[in-house]
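This report refers to the structure that appears directly beneath it.
Note that these values count all heavy atoms, side chains included, but never hydrogens, waters or copies made by symmetry. Protein chains get the first letters and strands the later ones, always in sequence-line order, with residue 1 at the start of each. Not measured: the values here are computed from a predicted model.
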There are 2 protein chains.
Amino acid sequence: MRPELIPDIVVGRLPRYLQTLHKMAREGEQTTSSQELGAELGISAAQIRKDLSFFGGFGKQGTGYSIAYLVEQLQEILKINQVWDIALVGAGNLGKAIAQYQGFANRGFRVVMIFDNDPAVVGTQVGKFTVQNSTEMVEAIRKVGVKIAMLTVPASAAQKVAETLVEAGIRAILNYSPVALNLPVQIQVEYIDPILQLQHMTYYLGA
Amino acid sequence: MRPELIPDIVVGRLPRYLQTLHKMAREGEQTTSSQELGAELGISAAQIRKDLSFFGGFGKQGTGYSIAYLVEQLQEILKINQVWDIALVGAGNLGKAIAQYQGFANRGFRVVMIFDNDPAVVGTQVGKFTVQNSTEMVEAIRKVGVKIAMLTVPASAAQKVAETLVEAGIRAILNYSPVALNLPVQIQVEYIDPILQLQHMTYYLGA
DNA sequence: CATTGTGAACGGGTTCACAGCA
DNA sequence: TGCTGTGAACCCGTTCACAATG
């Protein structure tokens, strides 16, 4: 399967399918249908079938999909049938909260190092990590071969830090800073800015 | 202008335009063009012009857009030429970090109350707020007339709490819990789940 | 003369509808 | 019979291209 032939928007829905399949599994279900999965997610059944068909036939006519099997297949497609190490940059309130978040483990990720450039913060303990100095960042990331970073630094520092991360060999960045990053195209970048989403919603709120 | 006639995807881009316009203003620029704005955001100039044209002609041929004026217009369109109160539900690590985040104020929002159902947490201080008991939630939200909530409770509790929020008069929810919410269509819901975004990116990471 | 605003062309994602199969 | 997988039709968002204009 050639990854670049599959619409990015389709890839982006797979994690959501996985999320809901996990929930169904927790509730003891063995099997589901495109109909049921779609209802849960607010997506049409046809779209789910079409999306999955890009990767192969995972279902059985008349019966639907085995949840366990589909979970396994999606994990393989998304390459999360392994655990990815993450470097966290920025040990402010948000960074600390993320470092201690328990939900990464069983979804394919774990934070393995945390950096900050504030001397008052470097050396302090956050969960089970000691905050390292940003000056050691490139070397530490290279050494362990970490490929994914989360960025929780002030907006003014984000672009610079991101460039350093790329230099260190990072290939995917989840950016919590409220600025658009300008990086080589081959670097994967996703953004989290709650305010953008709040502003989107207020458009629809009368008064 | 009839809000429902404008593609939702267009509305979703306006906050990003605003974000970049603010940045340009901070850097001392007075004027910009669809070209420049697009380059900054990785969006085509034509799309930006088309998006803005849904709402009116904000630019001048030959010159471009006055940044200050466009910011003002976008704020009005998004209804953030006012400050929206937010109720935060869930005072765990993430909730606490959000409550103390300084970036809401000048972008149209402020957290005004925070709730939790854990007796060990209720009554404690988070930034300048005292965590209130969830049992008081409906009344407190109704009384102040808060319309927006952020949800940072465990996945298992999210649906139930969301329903209670709707009952209290909440009309928009920013959900940090990793579950799809099932609510009346007129309720605005946006999701933040970093793991979905990480999983999206790993698809493109070889090995 | 640079840049907007916009109708028309285009392209790609979604939905439809049904053949195929357990 | 129920539900999947999929080609075709459809629809809607993006890009194109240019007239309009400060």
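A salt bridge is absent between Asp51(A) and Arg16(A): the closest approach of a Lys/Arg side-chain nitrogen to an acidic carboxylate oxygen does not fall below 4.0 angstrom.
A distance-only check finds no donor-acceptor pair linking the side chain of Ser134(A) to the backbone of Phe115(A) [under 3.5 Å]. Side chain of Gln188(A) to main chain of Leu205(B): no donor-acceptor pair is present (N/O by atom type, distance under 3.5 Å, no hydrogens or angles). A donor-acceptor pair under 3.5 Å links the side-chain atoms of Thr164(B) to the main chain of Lys160(B), judged by distance alone. In terms of modelled atom types and a separation under 3.5 Å, the side chain of Gln197(A) and the main chain of Tyr191(B) share a donor-acceptor contact. With hydrogens and angles ignored, the 3.5 Å screen pairs no side-chain donor or acceptor of Gln199(A) with any backbone N or O of Leu14(B).
Note: CG (Asp51(B)) to P (dT4(C)) measures 13 Å, nearest angstrom. Atoms CG (Leu5(A)) and P (dG12(C)) sit 12 Å apart, rounded to a whole Å. Atom NZ of Lys50(A) is separated from atom P of dT15(C) by 11 Å (rounded to the nearest Å). If you measure from atom CG of Asp8(B) to atom P of dT14(D), you get 11 Å, rounded to the nearest angstrom. Counting to the nearest Å, the C1' atom of dC12(D) and the CD1 atom of Ile9(A) are 12 Å from each other. One interatomic measurement links the two molecules: CD1 of Ile48(A) to P of dC3(D), which rounds to 14 Å at whole-angstrom precision. In this structure, Ile6(B) places its CD1 atom 16 Å from P of dC12(D), rounding to the nearest Å. In this structure, the CD1 atom of Ile43(B) is 9 Å from the P atom of dT14(D), given to the nearest Å.
The side chain of Pro7(B) lies closest to dG13(D), out of dT6(C), dG13(D), dG13(C).
OP1 or OP2 of dT14(D) has not a single side-chain nitrogen or oxygen of Ser44(B) nearer than 4.0 Å. Residue Tyr65(B) places at least one side-chain N or O closer than 4.0 Å to OP1 or OP2 of dG5(C).
Annotation: side chain of Ser156(B) is not in contact with side chain of Arg26(A) (no heavy-atom distance under 4.5 Å).
Contacts with DNA chain C (heavy atom under 4.0 Å) in residues 17-38 of chain A: none are found.
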*What one-letter contact string describes nucleotides 17-22 of chain D from 5' to 3', where B marks a base within less than 4.0 Å of any protein heavy atom, S marks contact via sugar-phosphate atoms alone, and - marks no contact?*
B--BBB
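Closest non-hydrogen pair, Thr202(B) versus Leu78(A), comes out as OG1-O, 2.8 Å.
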Cut-off 3.5 Å, no hydrogens considered: what does the side-chain donor-acceptor table look like for residues 85-95 of chain B, sequence neighbours left out?
{"from": "Asp85(B)", "atom 1": "OD1", "to": "Arg110(B)", "atom 2": "NE", "distance (Å)": "2.7"}
{"from": "Asp85(B)", "atom 1": "OD1", "to": "Arg110(B)", "atom 2": "NH2", "distance (Å)": "3.3"}

